[in-house]
There are 2 protein chains.
Amino acid sequence: MPADGAAMKTADPELMRAINRFLVMDAIRRSGTISRVEISERTELSPTTVSAITAALLEDGLIVPRQVAPTPDQVRGRPRIMLELNPAAASVCGAKLAPNKITIAVTNFQADVLGTVSIPIRVDRQPASVILDLVEDGVRSCIEATGLQVEDINSLCLGVPGIVERASGICRYSPIFSERDLKLGLDLQDRLKVPTTVDSDVNLITLAEQWFGHGRDLSDFLVVSIEHTIGLGIIHGGELFRGANGLSPDLGDLIVSPNGSIGNGSLPGRLSGIASTTAILSTAADLARGTPQEKLLRGTRGMDHAVSLAQGGDRRIAGIFEEAGRALGIAIANLITLFAPPKVILAGSALQAGELLLAPLRDAVQAATPETISGVTEIVVHESSDDTWARGAAALTLRDLYGAPWGTTGPAKKR
Amino acid sequence: MPADGAAMKTADPELMRAINRFLVMDAIRRSGTISRVEISERTELSPTTVSAITAALLEDGLIVPRQVAPTPDQVRGRPRIMLELNPAAASVCGAKLAPNKITIAVTNFQADVLGTVSIPIRVDRQPASVILDLVEDGVRSCIEATGLQVEDINSLCLGVPGIVERASGICRYSPIFSERDLKLGLDLQDRLKVPTTVDSDVNLITLAEQWFGHGRDLSDFLVVSIEHTIGLGIIHGGELFRGANGLSPDLGDLIVSPNGSIGNGSLPGRLSGIASTTAILSTAADLARGTPQEKLLRGTRGMDHAVSLAQGGDRRIAGIFEEAGRALGIAIANLITLFAPPKVILAGSALQAGELLLAPLRDAVQAATPETISGVTEIVVHESSDDTWARGAAALTLRDLYGAPWGTTGPAKKR
DNA sequence: CCCTTTTATTTGGATAGCGCATTAAAACGT
DNA sequence: ACGTTTTAATGCGCTATCCAAATAAAAGGG
């Protein structure tokens with residue numbers, strides 16, 4: 001009757017091999033090009049095991065040997081045979097939905113971007129079928145532009161803002177869709193006949209940071225993405241952290257100013273109502289009601305206008321950024337209190353505002369972080385390009401192809 | 001240059017055995033008494049492996065056979081030999097520090113409480129050496145009261161409120177100590193010559209909930225302990241979640257009412273300033289300044305008085321509870337937003353206030369939880385006794401003796 | 001031209017888990 | 001009372017894994 005709450009995998013030789021195989025793949029990926037001895041040193045696997053595993057990987061075509069021995073320090077002895085990921089082993093496609101843009105990219109097995117397509121179109125509040133049509137077309141043309149066929153693509157990864165259940169490929173809620181509980185994964189899979197995963201857009205950038213960016217060699221950090229929604233990506237213990245149901249948290253739903261708002265029936269003050277690009281721009285536009293600025297602020301380039309207005313001396317617009325920065329800072333401080341990460345990475349289009357947003361943000365973090373852990377966390381800004389999202393999508397997908405036996409990266413701590 | 005950020009254990013037969021051995025131990029613990037076949041069914045390990053592992057465990061004296069076959073449903077065939085944990089395999093001691101009480105308990109290998117000692121003494125703001133003297137004496141007398149010697153104790157676990165680095169046994173900050181960065185673990189280990197671990201008190205109760213309480217068979221839940229400090233324990237994916245440095249988060253440091261307080265230099269409004277028992281009682285006492293109630297409210301039984309005053313119709317005292325409940329509710333709603341746990345368990349002495357605190361708390365959670373995940377989380381109350389803490393300390397320690405290969409429980413999800 | 005050095009592979013030994021068949025132990029049935 | 005039936009636990013053989021030591025391979029140095 002006890003019904004094992006969390007059924008866990010039993011250990012057998014197969015799991016053993018899967019673990020070590022992943023360790024080897026991970027070592028190769030991290031180094032780009034590496035010899036067997038070095039793999040053995042880094043993974044602390046015996047040379048025998050490394051040789052056996054690399055042999056299997058070569059057999060499977062996942063890695064390729066490279067004759068040149070580009071290490072000038074090692075001159076004597078039998079030259080090391082360098083190994084690297086076989087770029088042609090797989091091709092993956094990543095697509096990211098944003099309210100005013102669809103970004104699509106194709107990468108190879110090394111997460112090199114082979115080609116991108118960016119569709120600047122306002123998908124906001126279109127029916128889901130229309131948006132998926134656009135995605136499908138974009139994916140097809142992006143794939144063909146790189147000289148590949150759709151059948152050559154091993155996996156497709158879709159990133160959307162909002163709340164996503166990765167396991168089922170269901171988008172519970174997204175500001176992009178008016179519908180709820182959309183089975184995006186299955187839908188796209190039916191359309192393109194390519195295995196498809198769906199995840200929160202912020203998880204894409206989080207994975208990208210872990211693999212290629214500021215999060216390299218860090219086993220704990222946070223990513224806060226400030227765009228139409230405010231997303232949170234968490235790497236903890238080397239793994240992507242997900243909510244209990246496998247869904248990604250939405251930072252914008254945090255309450256940051258509860259005062260006097262709960263009791264009287266009005267909605268509590270959520271972060272998304274203060275610090276999202278939507279909130280910032282609509283507040284600014286309301287301020288400018290009736291002036292010629294209003295229309296500009298409500299347009300697609302609204303953020304640019306708001307920033308230049310504030311930089312041009314408009315105290316009220318600057319005040320909006322300031323308040324947004326403060327609210328974000330407090331939310332981030334609360335996250336620091338909970339997670340104590342060594343690094344917090346900020347990303348997203350709202351960062352165009354630069355110090356207008358960042359200065360009050362940093363001040364608020366400073367003031368609101370409990371002194372017991374102040375100073376442990378560094379806040380960095382990452383200007384994300386389309387490539388970043390694409391490589392994140394690739395990372396998210398390639399992990400599966402690498403055969404990671406656990407959810408993301410790293411099973412457990414050291415011994 | 002790549003410097004593998006999170007070095008991870010390689011898989012070898014030894015790890016394999018450790019994993020399966022732990023699975024078997026865990027199955028035995030969960031059932032109390034269980035036969036080999038049932039272990040095989042639950043763990044999905046082959047009967048052969050179960051037999052081999054149980055043989056080793058019997059050899060090591062960690063488990064014992066029990067002749068009776070108490071299953072009346074199974075009558076035919078060879079009776080199953082029931083196995084259970086050997087109570088005498090180990091004895092552990094748990095100690096919990098609170099501002100006005102030291103609680104100590106000794107348990108056996110089954111986490112049965114053999115004896116407890118409770119010292120109602122105000123340790124608040126005593127120098128650490130004095131407090132540790134009290135702990136040492138209490139531990140010695142508690143052990144001897146159970147008929148054991150100090151040398152028989154395999155492990156000691158100390159729970160303190162505040163911020164604790166379990167790995168190093170250092171207490172970074174605690175309201176109990178005026179000093180910072182106390183090496184409590186090493187200190188007690190020197191005094192008693194018993195391996196000692198230190199952890200946040202809330203982690204003790206969290207583990208206890210997972211092993212014996214509401215958290216049984218749940219792989220994700222939160223525990224919020226409302227006492228002198230407001231602690232947070234997190235079980236995620238079957239594991240105790242710790243901050244990046246292995247330190248436990250302190251919920252009391254969360255900011256819940258930032259309005260107008262950051263900019264003007266005053267301290268931001270932390271949850272501990274609104275909803276801890278200290279805050280509640282001191283606010284109530286300030287309200288009652290000059291009246292005969294004030295002294296009672298500041299006394300050790302202050303919470304009892306505050307509750308009866310509020311229940312007796314004192315609107316202002318009731319209002320304090322209400323505000324505390326609301327603030328807690330908002331903080332909990334934010335946690336639900338982040339973690340989406342199926343259950344949140346409330347514990348701690350502030351729960352004496354009952355519905356005075358809980359009604360506004362539930363309302364605030366209801367109002368502040370984003371609708372996308374409303375309804376997924378159930379809030380339950382657990383009245384914790386001294387035994388609970390003690391068994392939590394036992395659980396925390398016994399895990400190590402069980403030989404858990406990973407931090408706590410469960411290495412990774414299924415496949 | 002042979003030897004040293006370094007790297008990769010191969011061989012032998014040990015341990016793990018699993019499946020099948022065997023033994024062990026009890027209760028039922030005639 | 002004895003054999004049959006049923007279920008539990010355990011040998012035995014198999015394969016797969018890892019590791020350590022030995023072997024083969026490829027270069028440079030004397």
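Values below: every heavy atom of this structure, side chains too, minus hydrogens, waters and symmetry copies. Predicted model, so just to flag it, every value in this text is computed and none were measured. In what follows, chains carry the letters A, B, and so on, assigned in the order in which the sequence lines appear, proteins first and then strands, with residues in each chain numbered from 1.
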Q: Apply the test side chain to side chain contact (heavy atoms under 4.5 Å, CB included) to residues A:Lys9 and B:Ile19: give CA-CA distance (whole Å), side-chain angles for both, the deciding distance (0.1 Å), then the verdict.
A: CA-CA 9 Å; A:Lys9 181 93 179 71; B:Ile19 291 173; over 6 Å; no
Would you say [N] has OP1 or OP2 under 4.0 Å from some side-chain N or O of [X]?
X	N	answer
B:Ser46	C:dC18	yes
B:Arg36	D:dA9	yes
A:Ser51	C:dT9	yes

Compute whether any side-chain donor of one residue and acceptor of the other, for [X] and [Y], lie under 3.5 angstrom apart.
X	Y	answer
A:Thr206	A:Glu209	no
B:Arg166	B:Ser200	no
A:Thr48	A:Ser51	no

Report the distance from atom [atom1] of [X] to atom [atom2] of [N], rounded to the nearest whole Å.
X	N	atom1	atom2	result
A:Arg80	D:dA25	CZ	C1'	16 Å
B:Leu45	C:dC18	CG	C1'	10 Å
B:Glu41	D:dT7	CD	C1'	12 Å
B:Asp12	C:dG17	CG	P	12 Å
B:Ile34	D:dA9	CD1	P	11 Å
B:Arg17	D:dA16	CZ	P	20 Å
A:Met82	D:dA26	CE	P	18 Å
B:Asn20	C:dG17	CG	P	5 Å

**Q.** Closest nucleotide among C:dA26, C:dT9, C:dA8 to the A:Ser35 side chain
**A.** C:dA8
Q) Should A:Asp387 and A:Arg391 count as an ion pair when the cut-off is N to O under 4.0 Å? A) no
Q. D:dA26 base to A:Arg78 side chain: any donor-acceptor pair below 3.5 Å?
A. no
Q: Using a 4.0 Å heavy-atom cut-off across all strands, classify A:Thr48 as base, sugar-phosphate, or nothing.
A: base
Q: Using a 4.0 Å heavy-atom cut-off across all strands, classify B:Ala52 as base, sugar-phosphate, or nothing.
A: nothing
Q) Step by step, would you call B:Leu396 with B:Asp199 a side chain to side chain contact (heavy atoms under 4.5 Å, CB included)? A) CA-CA 9 Å; B:Leu396 208 44; B:Asp199 212 322; 3.4 Å; yes
Q. Closer to the 5' end of DNA chain C via nearest nucleotide, is it A:Pro13 or A:Val37?
A. A:Val37
Q | End axis versus end axis in the helix from C:dC1-D:dG30 to C:dT30-D:dA1, the angle rounded to 10°, five pairs used at each terminus | A | 30°
Q: Report the C-alpha distance between A:Phe241 and B:Phe241 in whole Å, list the side-chain angles of each, state the deciding distance to 0.1 Å, and finish with yes or no for ring-ring contact (aromatic ring centres under 6.0 Å, His included).
A: CA-CA 11 Å; A:Phe241 182 95; B:Phe241 183 94; 5.3 Å; yes
**Q.** 5' precedence on DNA chain D between A:Pro47 and B:Thr54 (nearest-nucleotide basis)
**A.** B:Thr54
